[in-house]
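Report on the structure given below.
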Amino acid sequence: VRIAFLSGQFDLQAYNHPYDATRGYVAHYNQSDVDDVKREAGDENVDLLLTNEWPRGFHGNLRDDQLPGLQDPTCRGHSPIVASLVAALRPRYHFCGREGIYYERAPFRTPGVSHVTRMIALADVGNAEKRKWLYALNIQPMALMTPSDVAQVPPNTTDSPFTLGYTGEAFKRNGSNLDGPGLLGDAPVGDGSSKRSRRERPPPDPRSQHCWFCLASPQIEKHLIVSIGQESYVALAKGPLVEDHVLVLPIEHHASTASLNREAHEEIWRYVDCLRRHFDKEKKGTVVFERCAHTKGMLHGHLQVIPVPESKAEDVAKAFMEEGRRQNMRFEEVPSHQPLAEVVGRDQYFFVELPNRTRIIHRIQREERHRIQFGREVLASVLGMPERGDWKACQVTQSTEEHMTTKFKAAFKAFDWTLHQYLLHTLLSSPG
């Protein structure tokens with residue numbers, strides 16, 4: 001069983017300073033402690049995470065009747081550092097204390113991760129109110145479990161409350177800056193000083209100089225950029241089907257999202273989850289699709305994310321199936337917990353996530369003439385505007401694109417995890 005723990009409590013001043021060995025016992029952890037936990041955990045799954053404090057924001061995505069009886073309903077007294085640790089380690093179980101009550105949060109699931117996390121808070125040992133302070137657990141290490149067992153999702157599972165911003169990287173210092181040729185220093189990147197602190201990047205791929213979508217390319221149209229993360233970014237589509245038609249793309253050059261490393265894959269789907277929340281608020285369903293097939297031009301993998309009115313959401317699956325049959329396509333359902341790379345291998349494919357989150361895929365055969373605009377044409381038909389099936393017919397002026405981008409940024413701001421990350425970094429960097 002893999003167990004991680006963080007002792008002590010969060011204190012802003014202590015967090016940003018090294019220990020003074022002359023002080024003896026120290027009740028507060030600092031950034032070095034947190035970094036050590038993450039480094040020891042590495043990329044392997046964690047079964048148990050033990051902390052003194054509750055994670056700040058744990059109440060996200062819960063109904064009022066699912067909340068514990070705490071004096072502080074906004075939970076601002078809880079730790080943003082523990083929240084970052086939960087987001088980074090994605091443990092199966094997180095045990096915490098300090099509040100003096102027993103509480104089990106509904107399980108939650110992080111985008112791109114197959115298993116759920118269960119947060120369990122225990123009361124003080126031997127408390128007079130006889131609240132539960134001991135928890136018996138029969139646990140099998142995740143490394144020994146079958147994929148199907150790991151991926152079991154209880155019916156009361158929610159989305160992760162830490163998707164927006166608690167990515168585990170909000171508290172890094174002295175990273176390189178995004179400002180520079182082709183790196184869009186004026187784009188909304190959250191904490192620009194920490195964006196590349198996760199790892200050293202290899203030299204730019206020579207292909208990026210001719211790719212429309214590589215962030216280091218002189219060809220990129222930076223006025224369409226909405227948000228930049230550490231591994232990926234969001235941009236409005238050129239010649240959009242609808243005004244809030246966006247793309248989610250890896251920063252580095254990859255032919256498909258199936259070929260991404262785990263960090264980039266999870267971040268891209270974190271963005272999708274944020275976009276879905278945004279569109280949910282606007283009473284719209286979300287369709288995500290990707291076409292990975294050989295083209296004459298440069299192939300930079302990306303997800304197209306398009307909202308549809310709730311009244312049309314149920315029509316999307318039928319439309320893809322019917323148009324697919326007309327074009328001799330064979331769709332198969334993909335389990336939500338199974339990484340796309342495991343499904344497709346090295347095959348070319350067309351992938352769709354429907355508004356109800358069902359995922360379907362068609363494997364594109366070598367001799368198949370698969371229509372480049374297939375996904376867009378299907379949605380254009382569903383939306384009753386087939387004339388917008390080709391992006392070239394929907395191009396607008398740059399000034400209109402700039403206005404659309406500004407408008408979308410403002411609407412998406414409350415859901416953009418990079419901006420929430422920036423706010424946390426500001427909190428931790430401020431003196432006193």
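Because the structure is a prediction, the values reported are computed rather than measured.
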Given 3.5 Å as the limit, does a donor-acceptor pair link the side chain of [X] with the main chain of [Y], or not?
X: R262; Y: E266; result: no
X: R105; Y: A121; result: no
X: E267; Y: E231; result: yes
X: R118; Y: P91; result: no
X: S259; Y: S256; result: yes
X: T358; Y: L354; result: no
X: H115; Y: R90; result: yes
X: E368; Y: Q365; result: yes
X: D33; Y: D36; result: no
X: R376; Y: R388; result: yes

Closest non-hydrogen atom pair, [X] against [Y]:
X: T418; Y: Y271; answer: CG2-OH, 3.2 Å
X: P107; Y: P154; answer: CG-CG, 4.0 Å
X: L260; Y: P250; answer: CD2-CB, 3.7 Å
X: G229; Y: I251; answer: O-CD1, 3.8 Å
X: M142; Y: N45; answer: CE-CB, 3.4 Å
X: N328; Y: H362; answer: O-CE1, 4.5 Å

- Query: Step by step, would you call V334 with I360 a side chain to side chain contact (heavy atoms under 4.5 Å, CB included)?
  - Reply: CA-CA 5 Å; V334 179; I360 57 176; over 6 Å; no

Does [X] [atom1] have over 12 foreign heavy atoms under 6.0 Å away?
X: F5; atom1: CZ; result: no
X: E282; atom1: CD; result: yes
X: D65; atom1: CG; result: yes

Considering only heavy atoms from C-beta outward, does the side chain of [X] approach that of [Y] to under 4.5 Å?
X: L122; Y: Y103; value: no
X: V242; Y: L379; value: no
X: E401; Y: L236; value: no
X: E332; Y: R363; value: yes
X: D244; Y: F412; value: no
X: S311; Y: K284; value: no
X: T405; Y: I225; value: no
X: M329; Y: R325; value: no

- Answer yes or no on whether R277 is positioned over the face of W417, meaning its NZ or CZ is under 6.0 Å from the six-membered ring centre and within 45° of the axis. no

Rounded at 0.5 Å granularity, tell me how far [atom1] in [X] sits from [atom2] in [Y].
X: W391; Y: I372; atom1: CH2; atom2: CD1; value: 11.0 Å
X: L48; Y: I139; atom1: CG; atom2: CD1; value: 4.5 Å
X: L6; Y: L49; atom1: CG; atom2: CG; value: 8.0 Å
X: M119; Y: H59; atom1: CE; atom2: NE2; value: 11.0 Å
X: H302; Y: H254; atom1: NE2; atom2: NE2; value: 15.0 Å
X: L303; Y: I306; atom1: CG; atom2: CD1; value: 11.5 Å

- H278: what forms a side-chain hydrogen bond (donor to acceptor under 3.5 Å, both in side chains) with it, not counting sequence neighbours?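 H278: no side-chain hydrogen bond (donor to acceptor under 3.5 Å, both in side chains) contacts found.
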
- Task: Please identify each residue that fulfils side-chain hydrogen bond (donor to acceptor under 3.5 Å, both in side chains) with T286, with sequence neighbours left out.
- Result: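 Partners of T286 under the side-chain hydrogen bond (donor to acceptor under 3.5 Å, both in side chains) test: none.
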
Without hydrogens or angle criteria, can the side chains of [X] and [Y] be said to hold a donor-acceptor pair below 3.5 Å?
X: S79; Y: Y29; value: yes
X: T51; Y: H94; value: yes
X: Y93; Y: T117; value: no
X: D35; Y: S32; value: no

- Message: Centre-to-centre under 6.0 Å for F350 and F289, is that the case here?
- Response: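 Ring-ring flag for F350/F289: true, centres closer than 6.0 Å.
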
- Message: I want to know whether F108 and F162 have ring centres closer than 6.0 Å.
- Response: yes

Students often mix this up, so state it plainly: with edges at 30° and 60°, are the rings of [X] and [Y] parallel, tilted or perpendicular?
X: H78; Y: F58; result: tilted
X: W269; Y: H265; result: tilted
X: F331; Y: F320; result: perpendicular

[X] and [Y] ion-paired at < 4.0 Å:
X: D416; Y: K413; value: no
X: D47; Y: R92; value: yes
X: E221; Y: K238; value: yes
X: E333; Y: R359; value: no
X: R276; Y: D159; value: no
X: D273; Y: R270; value: no

- Message: Walk me through whether H245 and Q304 qualify under side-chain hydrogen bond (donor to acceptor under 3.5 Å, both in side chains).
- Response: CA-CA 7 Å; H245 175 180; Q304 301 211 33; 2.8 Å; yes

- Message: Against S160, only a single residue in T110, V116, V113, N61 fulfils side chain to side chain contact (heavy atoms under 4.5 Å, CB included); can you say which?
- Response: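 Looking at T110, V116, V113, N61, the match for S160 under the side chain to side chain contact (heavy atoms under 4.5 Å, CB included) is T110.
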
- Task: Start with the C-alpha gap between R2 and E44, add the side-chain angles, then the distance that decides, and say whether salt bridge (Lys or Arg N to Asp or Glu O under 4.0 Å) holds.
- Result: CA-CA 9 Å; R2 301 192 76 239; E44 295 183 47; 3.7 Å; yes

- Before giving the answer on side chain to side chain contact (heavy atoms under 4.5 Å, CB included), spell out for T257 and F351 the whole-Å C-alpha distance, their side-chain angles and the decisive distance to 0.1 Å. CA-CA 10 Å; T257 64; F351 164 83; over 6 Å; no

- Task: May I have the step-by-step check of side chain to side chain contact (heavy atoms under 4.5 Å, CB included) for V305 and L247, ending in yes or no?
- Result: CA-CA 6 Å; V305 184; L247 311 179; over 6 Å; no

- Might you work through the side chain to side chain contact (heavy atoms under 4.5 Å, CB included) test for E323 and F374, ending with a clear yes or no? CA-CA 9 Å; E323 186 59 30; F374 172 75; 3.5 Å; yes

